[in-house]
Amino acid sequence: MSGRVLVGVKRVIDYAVKIRVKPDHTGVVTDGVKHSMNPFCEIAVEEAVKLKEKKLIQEVVAVSCGPQQSQETIRTALAMGADRGIHVEVSGKDYDSLGPLQVSKILAALAKKEEAQLVILGKQAIDDDCNQTGQMTAALLDWPQGTFASEVSLEAGKVKVVREIDGGLETIKINTPAVLTADLRLNTPRYATLPNIMKAKKKKIANMKPADLGVDLTSRLEVLRVDEPPQRQAGMKVETVEDLVGKLKEAGKV
Amino acid sequence: MSALFKARRALGLCFSGCRSVSQLAELPDTHQLLRQTCRDYADRELTPIASRLDQEHAYPAKQIEELGAMGVMAMEVPEELGGAGMDYLAYSLAVEEISRGCASTGVVVSVNNSLYIGPVLKFGTAEQKKQWISPFTTGEKVGCFALSEPGNGSDAGAASTVARQEEDGWVLNGTKAWITNSWEASAAVVFATTDKKLKHKGISAFLVPMPHPGLSLGKKEDKLGIRASSTANIILEDCRIPLDNMLGPRGAGFKIAMQTLDSGRIGIASQAVGIAQASLDCAADYAHKRTAFGAPIGKLQAIQFKLADMAVAIESARLLTWKAALLRDSQKPFSKEAAMAKLAASEAATFSAHQAIQILGGMGYVTDMPAERHYRDARITEIYEGTSEIQRLVIAGQILKEYQQ
């Protein structure tokens, strides 16, 4: 199969950072905090680049929706082997309320515009944990979806996807064009090689706004309040099973 | 990329001058991405194992191969020869970030790049470059630099290892000391005297494969720090190598060594800055968490002053290192700046590591925290690749030349 793969990459707070809630409880502190590519998006990029190296697809296009700094995330994808990037600029209040619904509308519009064979996304982002964008994108495009992929193989006009589900592994075969979302065990993302970092500089990143794609960013959600999770209380030790049952009854749990 | 750099050089003094100054203030995008990539690699792959590597004196073979795959083991080498084709500023950033994770890994990278590949790249024939550089770019093979001897370190001109010319080759006899990477190396740049009467002008450089008949290794030194890298004597007893294995012209050995060490100093300065930074990271983190007298110790001025002094020493050393790298990349003289960088960085490393232990108190003295390892790793940076005393001589020599009437 020749063709183009669209990969979505999201700029999120780095997984190792300790998150702090803003004093006004409207969100988390992002200023001056280390950001990097969402780990599941890294896996998605790696899979797309691997498909290109196997000569099963021809071009990998990395897409990110967000402020100026999202360009760094796209550049990382380029350094990993993507061919070109598209930065859909969303900033300010629009960026604060940007969610899976708006992003999936943007990705669906781009998938059509770029005539993509595959859209590969991370299964979820580690900041909002929504796990919705892939599914919504497929629905908007009316394309089949292979989510939580731990193995992907391309065959003529079809994709075989092994999915990680609660009961174990499920293997499906879907027609292309399709949307796939990457799960943890799909692959181990490569570190960008230094020559590729330098080559990435020459690769193009196109800039556009959601309006250029006819997408309305109005959110249907309103964040009321953000709080830290409750502090974990210390447990208590009991001597016997009878004591345990007694304590549970006291607490009204049994 | 090399074409882009050639074009930039062609644009002349003014442009490269502007580029150098702004790069001291803020790195270009590519270099920022490169720095971040190396930092991510160090955080994920080196920091978690650095303590074990140190305790077991274990060479990080897997990590060196991974770094090779990234292009870090041959950063300046052109792509045609299998390298990453990057500049020395990029190299300095990479060594700093890697050393911040594991100082031993940092020195393995630095020695391979600056001391082994460096002289072959600069003084080797096209054939020598293909044979002695290309296989050493992937991390599978590393090289070493054999200048010091049991009888002379700083006094490099007094080499007593001899190379006798015979019809079909050179025969080397002597002992080299303190050779980093010796136990893992597949090749060495060896300095030996071909004309004792000419003193330092009679020293020549040779390329010796390892292992090789007539070459044997001494015991691995049991060092205070950088224990995951091997250091040992190389003993040459009628070690025969082909005539083609001379590197550069006969008698140019001393010059080759000195020029190689100029560049090596930028690598070691970067390593020292990395160690110093790791010490600061450890100490500042501890200052937030440790409470005493009812508050985190970071609130106490005594601790704050230490952190500030560490940060100033580190940033100064880092900027000196970047300047030396930028001058070298612009093909300007950089010996003085490289010596200044190495001197400043090594003293910043020992200072910062010392202060970090002080800030950590008892915790700084035990192996549970990395502060004691940084202290031990830092110490060698004031000694190898030119002691601090030699650096001062180099700097003073340059200054006096500048002020000559």
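Letters A, B, ... are given to chains in the order of the sequence lines, protein chains preceding strands, and every chain is numbered from 1.
More than 12 heavy atoms of other residues, nucleotides or ligands lie within 6.0 Å of CZ in B:R44, so this atom counts as buried by the packing criterion. Shown here is B:K130, whose NZ atom has no more than 12 heavy atoms of other residues, nucleotides or ligands within 6.0 Å. The number of heavy atoms from other shown groups lying within 6.0 Å of NE2 (A:H25) is above 12. The neighbour count for B:R290 CZ, taken as heavy atoms of other residues, nucleotides or ligands under 6.0 Å away, does not exceed 12. More than 12 heavy atoms of other residues, nucleotides or ligands shown are found within 6.0 angstrom of NZ on B:K129. Environment of NZ in A:K160: sparse, with no more than 12 heavy atoms of neighbouring residues, nucleotides or ligands closer than 6.0 Å.
Using a 4.5 Å cut-off between heavy atoms, B:A84 contacts chain A through both its backbone and its side chain. Neither the backbone nor the side chain of B:Q32 has a heavy atom closer than 4.5 Å to any heavy atom of chain A.
Each of B:L34, B:L67, B:L33 was compared with A:L194 under the side chain to side chain contact (heavy atoms under 4.5 Å, CB included) criterion, and only B:L34 meets it.
When side chains are defined from C-beta on, A:R75 counts as touching B:D29, because their heavy atoms get closer than 4.5 Å.
Contact check on B:E79 versus A:K199 returns a salt bridge, with a Lys/Arg side-chain nitrogen under 4.0 Å from an Asp/Glu carboxylate oxygen.
The two residues B:D40 and A:K34 make their nearest non-hydrogen contact at OD1-NZ, 3.4 Å.
The distance from the OG1 atom of A:T76 to the CD atom of B:Q36 is 8.5 Å, given to the nearest 0.5 Å.
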